[in-house]
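In what follows, a single structure is set out as structure tokens and then discussed.
All chains are named by letter (A, B, ...) in the order of the sequence lines, taking the proteins before the strands, and each is independently numbered beginning at 1. Hydrogens, waters and symmetry mates are skipped; everything else that's a heavy atom, side chains included, is used.
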Amino acid sequence: MRAARLFFTEKLLDWNLEMNNRSMPWKGEKDPYRIWLSEIILQQTRVEQGWPYYERFIANYPTVSDLAAANEEEVFRLWQGLGYYARCKNMLAAAREIQQTYHGQFPNTHDQIKALKGIGPYTAAAIASFAFNLPHAVLDGNVFRVLSRFFGIDTPIDSTAGKKEFAELAQELLPKDNAATYNQALMDFGAVVCKPQRPECSSCPLQKKCVAYHQQLISLLPVKTKKLQIKKRYFNYIIASWKDKVYIRKRTADDIWQNLHEFVLIESKEAADSTQLLSGTDFKELFGTTVYEITRISKQFKQQLTHQTIHSQFINIELAQPTDIPGYQLTPTDTLDNLAFPKTITTFLQSKTGLLL
DNA sequence: AAATCGGGGCA
DNA sequence: TGCCCAGATTT
């Protein structure tokens with residue numbers, strides 16, 4: 001076992017020196033703010049997807065102080081489309097915490113970093129090692145996969161026992177004086193060679209001692225136990241306008257898309273016919289007896305999220321006069337550009353049937 | 001310990 | 001479709 005561990009670390013570092021051509025804007029970065037920003041953006045997000053967002057955030061907020069001073073709505077707008085919006089909220093809170101508590105100087109100990117909003121075990125280890133070369137092993141999806149395959153560990157990675165086991169192994173494997181390079185190399189290796197599907201085993205420098213390779217377990221490792229239930233939901237959006245204004249609200253409920261905006265929402269248990277929707281009690285509760293004219297009815301839009309499938313339909317109506325709709329605000333249409341909306345709404349708005357553009 | 005939180009690429 | 005992605009937080 002000890003021999004296998006030494007082999008693992010040595011071959012990995014060799015691979016990094018000789019064969020690793022992976023290039024990313026934040027690689028080798030030493031500014032903790034930039035490292036932090038990249039790590040938050042990349043949580044559960046592919047590098048190619050996060051890359052342009054990173055560039056935009058750095059351009060708009062070059063320092064943590066700039067981000068701390070930023071307008072929240074503006075930051076959400078910049079984050080729009082990236083998903084997992086709690087990351088954005090927590091990121092802003094952390095920036096303000098760093099500004100206030102640490103006077104804009106990014107904290108440089110693992111415990112201080114870990115205590116910031118939105119920073120868990122992985123991100124704390126990543127910042128601590130990349131920015132300060134502190135000896136903390138990162139444990140992300142790549143590391144779980146590489147270690148489970150090479151050492152042939154079938155403990156489920158989404159179990160408490162699995163997280164503990166892999167974390168301890170990762171920490172033991174870490175060369176304490178070379179944490180930054182090693183951590184980066186391990187994740188690159190997982191992304192480039194030991195990929196989830198079709199890993200490059202034939203050219204893998206670790207193949208000789210890889211348990212999964214020799215026992216035909218590549219496609220079986222790592223093991224995950226939890227399977228998720230996907231719910232179907234039906235969102236009927238009433239785009240109610242009066243002159244050059246439209247009713248919108250910011251989502252605050254304990255639900256998806258917190259802090260993003262939307263039109264008047266009537267959710268139904270199944271796909272609703274537009275005419276019966278407009279004559280239903282939900283609509284009447286919102287609009288009362290207000291006189292309106294239907295100007296457009298969209299097709300059904302579908303969006304697949306991790307735990308639910310959202311079917312959305314958009315119905316444009318023009319009101320004869322403004323009315324009070326609890327929770328919603330009559331907002332000038334030309335200011336919607338400054339607000340963040342869920343992907344399904346921006347997709348609708350940019351389609352031919354849209355209200356804008 | 002389990003459930004949730006987005007959006008996109010790929011087989 | 002199902003799986004995965006530089007995970008964290010809440011329940």
Report task. Taking atom P in both C/dA6 and B/dA11, compute the distance separating them and give it to the nearest angstrom. Result -> 15 Å
Requested in this report: Begin from the C-alpha positions of A/R34 and A/E39 and carry the test salt bridge (Lys or Arg N to Asp or Glu O under 4.0 Å) through to its verdict.
Outcome: CA-CA 9 Å; A/R34 292 187 174 218; A/E39 296 301 343; over 6 Å; no
**Report entry** Crowding at NZ, A/K176 (>12 non-hydrogen neighbours, <6.0 Å)
**Finding:** yes
Query raised in the report: Heavy atom of residues 108-118 of chain A under 4.0 Å from DNA chain C: which residues?
Result: A/K117, A/G118
Query raised in the report: Which residue, A/L42 or A/I119, contacts DNA chain C at a nucleotide closer to its 5' end, judged by nearest heavy atom?
Result: A/L42
Report task. Rounded to whole angstrom, note down the C1' distance from B/dG8 over to C/dT9. Result -> 23 Å
Report task. State whether A/Y85 and A/K89 meet the cation-pi test: NZ (Lys) or CZ (Arg) under 6.0 Å from the six-membered ring centroid, and within 45° of the perpendicular axis. Result -> no
Query raised in the report: Quick check: are there more than 12 heavy atoms from other residues, nucleotides or ligands sitting under 6.0 Å from CD of A/E48?
Result: yes
Query raised in the report: Which residues satisfy the salt bridge (charged side-chain N to carboxylate O under 4.0 Å, His left out) test with A/E97, sequence neighbours excluded?
Result: none
Query - Sugar-phosphate or base contact per nucleotide [nucleotides 2-11 of chain B; S, B, -; heavy atom under 4.0 Å] - result: S-BBBBBS-S
Query raised in the report: Among residues 135-147 of chain A, which contact DNA chain C at a heavy-atom distance under 4.0 Å?
Result: A/D140, A/G141, A/N142, A/R145
**Report entry** Whole-angstrom distance between C/dC3 and B/dG6, as gauged at atom C1'
**Finding:** 15 Å
Query - Bounds of contact between DNA chain C and chain A, in 5' to 3' order, using a heavy-atom cut-off under 4.0 Å - result: C/dT1 to C/dT9
Query raised in the report: Which pairs with one or both residues in residues 300-318 of chain A pass salt bridge (charged side-chain N to carboxylate O under 4.0 Å, His left out), sequence neighbours excluded?
Result: none
